[in-house]
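From a predicted model like this one, the values you see are computed outputs, not experimental measurements.
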Amino acid sequence: MSETPPISQNFIRERIAADLAEGRYGGRIHTRFPPEPNGRLHIGHAKSICLNFGIARDAGGLCNLRMDDTNPVKEDLAYVNSIVEDVRWLIADWADDRLGLKPEGALPQADGADFFLFPASGSADRAARREAFFASDYFDALYEFAVRLVKKGKAYVCDHTPEEVDRMRGAPEAAGRPSAYRDRSVAENLDLFARMKEGEFPDGSRTLRAKINMDAPNVWLRDPVLYRIRHTEHHRTGRRWRIYPMYDFAHCLSDYIEGITHSICTLEFEVHRPLYDWILESLELPRPLPRQHEFARLNLTHTVLSKRKLLRLVEEKRVEGWDDPRMPTIAGMRRRGYPAAAVRAFCERIGVAKRENTIEFALLEHCVREELNRTALRRFAVLRPIKLVITNLPEGRLEEVTATNNPEDPAAGSRAIPFGRELWIERDDFAEDPPPKYFRLKPGGEVRLKNAYIVKCEEAIKDEAGNVVELRCVADLDSKTGGTTANRKVKGTIHWVAAAHALDAEARLYEALYTRPDPDKGGDDLSALNPNSLETLRGCKVEPSLAEAAPGVVFQFERLGYFVRSEEKERLVFLRTVTLRDSWSKVGHPPARP
RNA sequence: UACCCGAUGGUGUAAUGGUAGCACAGAGGCCUUUGGAGCCUUUAGUGAAGGUUCGAAUCCUUCUCGGGUAGCCA
């Protein structure tokens with residue numbers, strides 16, 4: 001279905017090629033996408049998904065979908081399901097056979113001193129019920145690993161308060177001070193850690209800490225906390241645990257358990273990498289160990305991508321929800337009619353590097369247009385109608401004209417659309433006092449009604465307030481396709497809908513959510529919200545074939561843009577996916593169209 | 001100014017010691033029964049200064065600028 005975007009080289013793919021060439025993992029490549037289920041996925045996650053699945057795809061490997069659910073106070077089961085749905089939508093027909101899932105309920109197997117979990121791929125074992133991976137499924141294994149670290153004298157139970165730990169860690173430029181509990185005996189540590197697990201101590205009273213180096217210039221090596229006490233119910237493990245592993249401890253070991261080879265994350269984890277390696281090496285796990293690689297996260301103009309800010313838009317009802325078509329979420333883009341292939345093409349084009357980057361929203365829209373231009377069927381729709389009457393056509397006369405469904409795709413065929421004496425045309429396609437280079441209808445001027453006649457405007461009828469309410473035109477009755485004057489050149493061609501057969505519809509026009517390209521900069525992003533980001537138009541007139549438009553299917557309304565039928569079944573509502581490129585408004589004129 | 005990372009047109013991204021290329025955006029043109037699409041042309045770049053070299057975006061030194069890191073968040 002979708003075309004494969006060309007594979008561009010980047011530093012991560014180069015490293016993988018090098019690992020492959022060296023045979024580091026025996027020719028095996030296994031990545032993972034590890035969202036925390038505390039929010040919905042957005043275009044920034046899409047970049048990571050495309051990178052990780054794209055690598056798995058190229059290398060014949062797998063990419064595990066893993067919920068990074070180690071913090072019970074922040075996470076929610078509802079997000080788990082939406083994340084799975086979003087990932088599946090994005091990789092469908094592209095890398096769905098690379099999606100690593102595990103048999104439902106499967107837990108890591110203890111293999112001597114080791115733990116391993118073998119994934120089932122998307123293509124194998126179709127009948128089995130399979131689910132995403134969950135870091136919380138590894139809590140038992142992780143606990144065992146922690147005990148092992150304690151026995152090696154590389155971790156200890158610390159009784160300092162969070163404030164004390166904070167203070168004693170020092171600052172990036174000033175060395176930290178060791179915990180008073182740093183030299184507890186292994187036996188005492190084992191006993192205390194076991195009792196932490198049993199729930200003997202209140203939240204915040206003790207932690208398990210790695211024993212590394214309080215003088216390390218990298219603060220993440222200053223005896224970081226590995227486990228904290230949380231008497232909180234977890235969405236998956238219920239009340240079984242009172243201690244929960246921290247990200248740094250859980251993540252590297254989850255990667256190890258799943259047999260991940262390349263653990264790809266964003267730049268802010270760069271300073272965590274020495275800790276990632278320290279944990280795996282201290283446990284003396286068999287090599288080759290997974291390795292972490294960092295890339296720069298995506299920034300997009302005219303929107304925000306921080307979970308906190310997106311959540312706020314939802315909670316304060318600045319938008320309709322996570323899937324509002326204006327949101328940069330995967331659900332929002334899907335609802336707006338962005339094809340998954342377009343989002344993937346975008347992710348491929350923006351590249352992967354380590355420098356800070358801000359991509360122009362125009363590039364995303366370009367990718368959407370590029371895909372939709374190839375695939376979307378053309379239809380006629382008039383958003384802001386004005387009546388046009390062809391005076392030299394008899395009343396009640398019905399004609400049918402033939403319209404091409406997609407000029408980019410001959411296989412899409414053509415359709416018949418009704419044509420008659422009375423039509424609706426776009427109000428903007430008539431100007432009583434036209435600006436220079438106005439190619440559309442004007443008093444005394446001629447224009448082509450697409451797929452039908454050339455008409456000449458003879459009269460503009462006005463109401464008492466002076467508004468033009470009806471245009472009376474004469475058609476050149478030989479100018480239809482096949483007619484003797486069909487090849488006459490007129491400068492403008494406009495679309496129309498026959499009044500007698502038009503369907504009423506609503507259209508929702510979206511613009512950028514923010515007026516400024518950088519709403520993240522300079523404090524309050526809410527002050528930069530675009531008050532015109534949604535405009536609802538009622539009384540739009542669309543061609544009759546659109547009655548059968550299925551929800552979620554995108555059409556090109558000729559000369560207007562791409563529109564997707566909304567989920568509302570009882571009436572016709574179309575959401576504007578993206579406008580067409582508009583060279584009229586670019587030359588300094590107001591937008592040619594609504 | 002502790003450590004780490006980064007710096008190539010307006011925005012991104014290639015070039016891995018040998019002609020600075022591509023895409024988007026911008027400008028101009030051709031074509032057009034979508035002012036769409038397509039096609040052609042074009043503007044614009046290696047942060048600075050030294051050094052190595054026949055040759056440097058690339059290697060070295062210093063500087064400048066930007067980002068990250070001090071959660072019992074991920």
Task: A20(B): pairing nucleotide in any strand, Watson-Crick or G-U under 3.5 angstrom - done: none
Open item on the list: Please name the nucleotide paired to A7(B) by Watson-Crick or G-U wobble geometry with both distances under 3.5 Å, or report none.
Closed with: U64(B)
Does [X] make a side-chain N or O approach to OP1 or OP2 of [N] shorter than 4.0 Å?
X	N	answer
Lys489(A)	U33(B)	yes
Ser583(A)	G36(B)	yes
Arg230(A)	C73(B)	yes
His366(A)	C24(B)	yes
Arg169(A)	G71(B)	yes
Arg228(A)	A74(B)	yes

Nearest-angstrom distance, [atom1] atom, [N] to [M]:
N	M	atom1	answer
A27(B)	A44(B)	P	16 Å
C73(B)	C5(B)	C1'	22 Å
U41(B)	A23(B)	P	11 Å
U1(B)	A57(B)	C1'	28 Å
U8(B)	U46(B)	C1'	4 Å
C4(B)	G9(B)	P	26 Å
C22(B)	G45(B)	C1'	14 Å
A20(B)	U52(B)	P	23 Å

TODO: Hey, can you tell me if Phe193(A) and Tyr143(A) have their rings parallel, tilted or perpendicular (30° and 60° cut-offs)?
DONE: parallel
Task: Ring geometry between Phe563(A) and Phe557(A) (parallel below 30°, tilted from 30 to 60°, perpendicular above 60°) - done: parallel
When you measure from the side chain of [X], which nucleotide among [options] comes out closest?
X	options	value
Pro162(A)	C24(B), C72(B), U34(B)	C72(B)
Thr358(A)	U69(B), U11(B), U34(B)	U11(B)
Val219(A)	G35(B), C4(B), U69(B)	U69(B)
Asn451(A)	G35(B), A70(B), U33(B)	U33(B)

[Y] ring centre to [X] NZ or CZ under 6.0 Å, with the angle to the axis within 45°?
X	Y	value
Arg379(A)	Phe555(A)	no
Arg230(A)	Tyr244(A)	no
Lys450(A)	Phe380(A)	no

Ignoring hydrogens and angles, answer whether the base of [N] and the side-chain atoms of [X] contain a donor-acceptor pair closer than 3.5 Å.
X	N	value
Glu360(A)	G10(B)	yes
Thr481(A)	U33(B)	yes
Arg559(A)	U34(B)	no
Glu408(A)	G36(B)	yes
Arg349(A)	U13(B)	no

Open item on the list: Does the protein touch nucleotides 14-19 of chain B at the base, only the backbone, or not at all? Give it as B, S and - per nucleotide, heavy atoms under 4.0 Å.
Closed with: SSB---
Open item on the list: Checking Glu399(A) against Lys480(A) for the salt bridge (charged side-chain N to carboxylate O under 4.0 Å, His left out) test, could you report, in this order, the C-alpha distance in whole Å, the side-chain angles of both residues, the deciding distance, and whether it holds?
Closed with: CA-CA 11 Å; Glu399(A) 295 184 25; Lys480(A) 217 155 89 168; 2.7 Å; yes
Open item on the list: Counting C-beta onward and ignoring hydrogens, is there a side-chain heavy-atom pair between Asn218(A) and Leu275(A) closer than 4.5 Å?
Closed with: no
- [ ] By nearest nucleotide on RNA chain B, pick out whichever of Trp220(A) and Met246(A) is the more 5' one.
- [x] Trp220(A)
